[in-house]
Amino acid sequence: MKNIAFLTLFLILQLTGKAQQPANSHLTTFYTFLDSCEINMDKKQAPLIGLSSSHTDGGSRVSPTYLEAVRKAGGAPVIIPVITDGGILRQIVSQLDGLVLTGGTDVDPHWYGEEPLQQLQSIDPARDTLELKLIKLAADRNIPILGICRGEQLINVAFGGTLYQNIPAQRSPGYIQHVQQAPREHGSHAVAILHDSQLADILQTTSTRVNSFHHQAVKEIAPSFRAVAFASDSVIEAIEAWPNRPILGVQWHPKGMAGDTTIQQLFRFLINKAAIFRQAKEMHNRIVSLDSHTDTPLWFNRPGFSFGARRKNQVNLPKMEEGKIDAVYLAAFIGQKERDEASLQQAVEKVTSLIEGIYQQAAAHPGLCGIATTAEELRHLKQQGKKAIFVGIENGYGLGKDITNIAKYKEMGVTYITLCHSYDNDICDTSTRTKNEWNGLSPFGRKVVKEMNRLGIMVDLSHASEKTF
């Protein structure tokens, strides 16, 4: 009770401004100034831009020029330390609105399947691991990414491209000097930019001079990317994934040319894209979003399947978190087979088994999701930070010819039933491989629709013929 009373008194003093102030007048002035910088709720907050750090003497470091370039462009820079814990990095990246991959050491060639050449310089395995994870986590969320020098090279590697480990050793004679001796703010050579590229739109030019501090470079371009800027010796100087992804990489160091307004457009572009991304996240915090049909249950019988694991080409909980999706309909789909009594009974059993599997997957991840049958339950789960799982049946073939199965499925949490799929069934005609068997709804189908309406199950007309509709 004493602890509670003390805490209450402390909070009252804080709220009334009576808490003990620092005795040092200079510190008091400092804190007074800080209080004057509190968040203005009427003003949009600067997008949060993560910067990957170098690994120096066991510590994490970012050049102040990167921080200043982001700040000048309107972003709030934050340094991402060299740690490789995937869970922590996922938590960090989920807060970001943009990502800058900074310059630094060589990329280890084993990441693109090559043995190191003698001319390979220092590598940093911990940093490679960090930044490859950052790229994956950011790209999964469609977070805007800007790669600089090493950052551009690593983006190319992360998406399946390769590098020149050493330009002089691997290119034919005639290459220009890519490691300048002049100060960083000096543009030592020109690059030609493709006129139809996003980079040309950003810089408003198809040619510019850049500083150059690299002996590695992009060799084979990664799938889904294209090279958009070249030095006079044809070395690739920039890559982009536009318009499919907001990912851009440049071989030079724009933060070292902060006084160059053309080069600074790169950072402004990143911040603008990050601001839009931030708006999208804020919108998702306000609304409820639902994916009304996924076929993930078809994967339930695969060895080791888990709805909590990120799988390619299927909706799952990690992807829902990345995409800010609040709810999903998992469809208990049954393909059309014979319509004799035995086959229909097997169809009912199959659908029942799929629904039970949906419940099992949800129960396996109680901290991440829950079954919902109403909009209110969806909102409640969202407030708890969980994803809502709705259950639907795709193809009324799974009802068999027993009208009481509708009530059974209602009890199992089903909130919509798709009347048919690609073939006519005992309920209605399909829009696909139809024989116009019923000229729309069958007599049984009319009873099905009436019973669904009575029980409050939505009638899904996907795949149904026009006459059925």
Side-chain angles (χ1 to χ4, degrees), residues 44 46-51 65-66 68-77 96-103 135 138-139 141-156 158-159 161 185 187-212 214 217-218 221-281:
K44 290 184 179 179
L48 192 65
I49 309 299
L51 295 101
T65 51
Y66 281 111
E68 185 62 12
V70 170
R71 188 195 67 78
K72 278 187 174 181
L96 299 180
D97 304 310
L99 175 65
V100 175
L101 299 165
T102 61
I135 293 169
R141 290 163 174 74
N142 218 29
I143 294 173
I145 304 174
L146 172 63
I148 295 171
C149 196
R150 167 195 160 87
E152 178 231 23
Q153 297 162 11
L154 203 63
I155 287 172
N156 190 59
F159 287 93
E185 60 269 19
S188 64
H189 69 79
V191 296
I193 303 170
L194 297 186
H195 69 89
D196 62 343
S197 65
Q198 180 68 21
L199 182 61
D201 287 342
I202 295 168
L203 301 183
Q204 289 295 293
T205 184
T206 56
S207 178
T208 189
R209 296 192 69 81
V210 300
N211 55 14
S212 196
H214 64 99
V218 170
I221 194 79
S224 77
F225 280 75
R226 67 169 180 154
V228 294
F230 303 85
S232 59
D233 58 2
S234 77
V235 166
I236 294 172
E237 292 279 348
I239 63 172
E240 65 182 29
W242 196 262
N244 298 317
R245 290 179 181 271
I247 304 176
L248 173 66
V250 297
Q251 188 61 76
W252 61 92
H253 290 257
K255 51 88 181 178
M257 305 176 71
D260 188 321
T261 54
T262 301
I263 297 299
Q264 271 296 102
Q265 292 301 322
L266 286 170
F267 285 97
R268 295 192 184 99
F269 168 78
L270 175 72
I271 302 307
N272 287 339
K273 292 299 177 185
I276 294 171
F277 184 83
R278 184 182 182 90
Q279 281 184 298
K281 289 199 302 184

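Keep in mind that the numbers below use all heavy atoms, side chains included, and drop hydrogens, waters and symmetry copies. We number each residue from 1, following the sequence as shown.
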Problem - Taking every non-hydrogen atom, the tightest pair across L199 and A238 - result: CD2-CB, 3.6 Å

Problem - Heavy-atom side-chain proximity of L203 to L266 below 4.5 angstrom - result: yes

Problem - From I236 atom CD1 to I221 atom CD1, the distance as rounded to the nearest 0.5 Å - result: 4.5 Å

Handout entry: Side-chain donor/acceptor of Y66 to backbone N/O of L101, under 3.5 Å
Key = no

Completion exercise
CH2 of W252 to CZ of R209, rounded to nearest 0.5 Å, is 13.0 Å

Exercise for the section: Start with the C-alpha gap between F159 and I135, add the side-chain angles, then the distance that decides, and say whether side chain to side chain contact (heavy atoms under 4.5 Å, CB included) holds. Expected result: CA-CA 9 Å; F159 287 93; I135 293 169; 3.6 Å; yes

Problem - Heavy-atom check, side chain of L248 versus side chain of I145, under 4.5 Å - result: no

Fill in the blank from the handout: The salt bridge (charged side-chain N to carboxylate O under 4.0 Å, His left out) partners of R226 (sequence neighbours excluded) come to D196, E240

Practice task
Would you indicate whether the side-chain heavy atoms of L194 and F230 approach each other to under 4.5 Å?
Solution key: yes

Exercise for the section: Would you sort out whether V70 and L270 count as a side chain to side chain contact (heavy atoms under 4.5 Å, CB included), showing the intermediate values? Expected result: CA-CA 9 Å; V70 170; L270 175 72; 5.6 Å; no

Exercise for the section: Can you sort out the partners of K273 under side chain to side chain donor-acceptor pair (under 3.5 Å), two or more places apart, ordered by chain and number? Expected result: none

Problem - K72 side chain to Q264 backbone, donor-acceptor under 3.5 Å - result: no

Problem - Straight-line distance of F269 CZ to I202 CD1, nearest 0.5 Å - result: 4.0 Å

Exercise for the section: Using modelled atom types only, decide if a donor and an acceptor are shared between the side chain of N211 and the backbone of H253 within a distance under 3.5 Å. Expected result: yes

Problem - Inter-residue atom distance I148.CD1 - T102.OG1, 0.5 Å rounding - result: 7.5 Å

Exercise for the section: Mind listing the closest non-hydrogen atom pair of L51 and P77 along with its distance? Expected result: CD1-CB, 3.5 Å

Handout entry: Side-chain touch E152/I239, heavy atoms, less than 4.5 angstrom
Key = yes

Handout entry: Nearest heavy atoms of A274 and I49, plus distance in Å
Key = CB-CD1, 3.6 Å

Exercise for the section: Identify the two heavy atoms, one from R245 and one from A139, that lie closest to each other, and give their separation to 0.1 Å. Expected result: NH1-O, 2.8 Å

Handout entry: Residue among P246, P47, P144 satisfying side chain to side chain contact (heavy atoms under 4.5 Å, CB included) with F277
Key = P144

Practice task
Could you list the residues that satisfy side-chain contact (heavy atoms from CB on, under 4.5 Å) with A46, not counting sequence neighbours?
Solution key: A76

Handout entry: 4.5 Å side-chain heavy-atom contact, Q251 and Q153
Key = yes

Practice task
To the nearest 0.5 angstrom, please state how far the CG atom of N156 sits from the CD1 atom of I247.
Solution key: 11.5 Å

Exercise for the section: With rounding to the nearest 0.5 Å, note down the distance linking NE2 in H189 to OG1 in T208. Expected result: 11.0 Å

Exercise for the section: Might you point out which heavy atoms bring I193 and T205 nearest each other, and give the distance in Å? Expected result: CD1-O, 3.9 Å

